[in-house]
Asks: 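First the structure, which I've put down as structure tokens, then a few questions once you've had a look.
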Amino acid sequence: MAKGVKAIRGMNDILPEESYQWEFFEQTIQAWLATYGYRNIRTPIVEQTDLFVRSIGEVTDIVEKEMYTFVDHLNNDHLALRPEGTASCVRAVVEHNLLYASPQRLYYSGPMFRHERPQKGRYRQFHQVGVEALGFVGPDIDAELIIMCARLWEMLGISGLRLEIGTLGNAESRALHRARLIKYFEQYEDALDEEARRRLHTNPLRILDSKNPKMHDLIAGAPKLIDDLDEESRIHFETLQHILRNQGVDFEINGRLVRGLDYYNSTVFEWVTDRLGAQGTVCAGGRYDGLIEQIGGKPAPACGFAMGVERLLSLMSECGGELLRPVPDVYIVHQGETVIDFAWKTAEFLRNEGLKAILHCGGGSFKSQMKKADASGARYAVIIGDDEVLAQQVTIKSLREVSNQASVALGAVVDLIKNNRNEKSN
């Protein structure tokens, strides 16, 4: 017997019993983004490795440890599976000159790839929805991104999310803060773990995001970036807070909020929960005003966020947001020499009338077919035998309620099912 082939660890199948939840989520996302005027953009899952090295930063976990890279031996290109979507989106905007006429509100969705240790809420192939607002100056667009997230949580039935906001200031503020951090941590170099010592002179801001509990007290005493802000960055951050308060969006200021990608500046934010264990961040983003120029475009402001689909679906279940499994309206049972053509025509007629109809395939007795009809979850069985063909009618039987079966014309089947559906919705 041949050895079975299994999915790659951390790259999961989404089976039919789960996929309807994904479909509900995707439909909700599309409707939500349309109300804010965001348009869809779709980029390849494979990009030049250099795109992510330049945008995310060489001294980051993603580039150093997690990115799937390979050499295309046909033309010696160095390629990577995309670990995040912002860089690809900005690359496409620059390449196709989309900012020439006007700012852009864009969104994307799809799989991302990072080689991490799989656990609940963290996978090697995971899915994100990303929203990017390109070419907009000022804190009002930052606020819009946060406020629209708050609306989405209501639409998805998710409660208990906590909003944390912070600011990374401009390049000059970060340079000043970086120097102060290095000077501070150098005094305690013996207390730093190996990872922190490696990053001390390359990316000291990332030390602040350490999960090592032995370093928490040391990090708590480190200089705060908010104390090194320039006046423009301070006003930007205060204006953002003012808008959020006026719109009734609660938040906490987190002075240690550090994003894992180097391209961020100014506003940063995260939506977090305590319901998912260690993987508590379900949505995160902020400003990245220098990225467009960094990738080769003309300087332009930009901000956005990305949300983890798997984590949000898990959170929906945690909040009691179970969805009803979609079921067919009718299951068509048929048997007899003269029946098959009429059964096909019946199925297509019902579908044309907007009903979801499954036509039994594979033969079998009426009894076995009725068992399959019941297992399908259909509300009604439409039964066709030789007698029904002669009368050009069908027999309809409720599978969910105690009732007698009746022979009716096809049009009456449609009316009966739609009327029953409307009564239940009222």
Side-chain angles (χ1 to χ4, degrees), residues 6-30 32-33 40-47 49 51-52 55-57 60-70 79-91 106-132 149 152-153 156 158 161 209 211 259-261 263-264 269-286 304-319 321:
K6 295 185 177 182
I8 298 169
R9 184 167 180 253
M11 299 186 179
N12 303 320
D13 298 310
I14 301 168
L15 303 179
E17 289 301 312
E18 305 169 273
S19 63
Y20 70 91
Q21 295 179 312
W22 287 70
E23 290 170 347
F24 168 81
F25 179 85
E26 290 159 357
Q27 291 163 6
T28 303
I29 288 290
Q30 290 173 5
W32 162 66
L33 288 165
N40 185 230
I41 186 169
R42 305 186 184 206
T43 60
I45 64 171
V46 178
E47 297 271 10
T49 300
L51 170 66
F52 301 113
S55 60
I56 296 172
T60 59
D61 283 347
I62 294 176
V63 170
E64 290 182 328
K65 304 176 183 179
E66 300 168 1
M67 200 157 59
Y68 283 95
T69 61
F70 60 97
L79 306 177
L81 298 180
R82 62 185 184 194
E84 59 93 35
T86 297
S88 295
C89 179
V90 171
R91 189 269 311 151
L106 304 173
Y107 78 92
Y108 56 85
S109 61
M112 310 293 164
F113 303 85
R114 296 183 193 177
H115 192 279
E116 300 185 283
R117 183 171 62 85
Q119 53 186 289
K120 182 180 179 181
R122 174 178 283 178
Y123 309 105
R124 291 176 177 174
Q125 176 179 304
F126 57 99
H127 297 76
Q128 287 187 339
V129 173
V131 177
E132 316 291 355
C149 284
L152 178 62
W153 312 146
L156 295 175
I158 294 174
L161 284 179
D209 202 31
K211 301 299 186 292
R259 303 295 308 124
L261 304 94
Y263 53 62
Y264 282 106
F269 63 88
E270 292 186 358
W271 291 90
V272 297
T273 178
D274 299 323
R275 289 192 170 103
L276 300 179
Q279 309 308 317
T281 300
V282 298
C283 176
F305 62 80
M307 61 182 70
V309 178
E310 285 89 347
R311 293 183 189 180
L312 285 170
L313 289 174
S314 179
L315 195 56
M316 287 169 63
S317 296
E318 290 282 335
C319 292

Asks: Side chains of I158 and M316: does their closest heavy-atom pair fall under 4.5 Å?
Replies: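 Touching, per the 4.5 Å side-chain cut-off.
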Asks: To the nearest 0.5 angstrom, please state how far the CZ atom of R117 sits from the CD atom of E66.
Replies: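 The CD atom of E66 is 12.0 Å from CZ of R117, to the nearest 0.5 Å.
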Asks: In the structure I gave you, are the side-chain heavy atoms of C89 and L106 within less than 4.5 Å of one another anywhere?
Replies: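 Yes, their side chains come closer than 4.5 Å.
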Asks: Is it the case that the side chain of R311 and the backbone of T281 share a donor-acceptor pair, with hydrogens and angles ignored and the cut-off at 3.5 Å?
Replies: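 Between the backbone of T281 and the side chain of R311 there is a qualifying donor-acceptor contact (under 3.5 Å).
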Asks: Got F52 and T69 here, is their nearest side-chain heavy-atom distance under 4.5 Å?
Replies: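 No - every pair of side-chain heavy atoms lies 4.5 Å or more apart.
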Asks: Return the minimal non-hydrogen interatomic distance between T86 and Y108, and the atom names on each side.
Replies: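 Nearest heavy atoms, T86 then Y108: N-OH, 3.3 Å.
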Asks: Rounded to the nearest 0.5 Å, how far does CG of L152 lie from CG of L33?
Replies: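 The CG atom of L152 is 8.0 Å from CG of L33, to the nearest 0.5 Å.
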Asks: Checking E18 side chain against L15 main chain: does a donor-acceptor pair fall under 3.5 Å?
Replies: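 Yes, E18 side chain to L15 backbone: donor-acceptor pair under 3.5 Å.
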Asks: Is the shortest side-chain heavy-atom distance between V46 and F70 below 4.5 Å?
Replies: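 Of all side-chain heavy-atom pairs linking F70 with V46, at least one is under 4.5 Å.
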Asks: Is there side-chain contact between P44 and R91, with heavy atoms separated by less than 4.5 Å?
Replies: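 With C-beta onward as the side chain, the pair touches.
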Asks: If I compare all heavy atoms of R82 with all of P111, which pair ends up nearest, and what's the gap?
Replies: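 Closest heavy-atom pair between R82 and P111: NE-O, 2.9 Å.
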Asks: Taking NZ, NE, NH1 and NH2 as the nitrogens, is one of them in R275 or E318 under 4.0 Å from a carboxylate oxygen of the other?
Replies: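 Looking at R275 and E318, the cut-off is not met.
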Asks: Kindly check if the number of other-residue, nucleotide or ligand heavy atoms within 6.0 Å of CD1 (I8) is above 12?
Replies: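 12 or below, so no.
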Asks: Using every non-hydrogen atom in the two residues, find where F126 and P83 come nearest and quote the distance to one decimal.
Replies: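 Shortest heavy-atom separation between F126 and P83 comes out as CZ-O, 3.7 Å.
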Asks: Kindly give the heavy-atom pair with the smallest separation between F305 and C283, and that separation in Å.
Replies: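 Minimum heavy-atom contact is CD1-SG, 3.6 Å.
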Asks: Roughly how far, to the nearest 0.5 Å, is the CH2 atom of W271 from the CG atom of L315?
Replies: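 L315 atom CG to W271 atom CH2 measures 12.0 Å (nearest 0.5 Å).
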Asks: Once you round to the nearest 0.5 Å, how far does CG of L161 lie from CG of L312?
Replies: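 Between L161 CG and L312 CG, I get 7.5 Å after rounding to 0.5 Å.
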Asks: Look only at the side chain of S314 and the backbone of E310, and say whether a donor-acceptor pair between them is shorter than 3.5 Å.
Replies: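 No.
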Asks: Ignoring hydrogens, what is the shortest heavy-atom contact between M307 and I29? Give both atom names and the distance.
Replies: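 Taking M307 first and I29 second, the nearest heavy atoms are SD-CD1, 4.2 Å.
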Asks: Can you name the closest pair of heavy atoms from Q21 and S317 and give their distance?
Replies: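 Shortest heavy-atom separation between Q21 and S317 comes out as NE2-OG, 4.3 Å.
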Asks: Rounded to the nearest 0.5 Å, what's the gap from CD on E84 to CE on M67? Could you check?
Replies: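 E84 CD to M67 CE: 10.0 Å, rounded to 0.5 Å.
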Asks: Supply the atom-to-atom distance R114 CZ to K65 NZ, rounded to the nearest 0.5 angstrom.
Replies: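 So the CZ of R114 and the NZ of K65 are separated by 13.5 Å.
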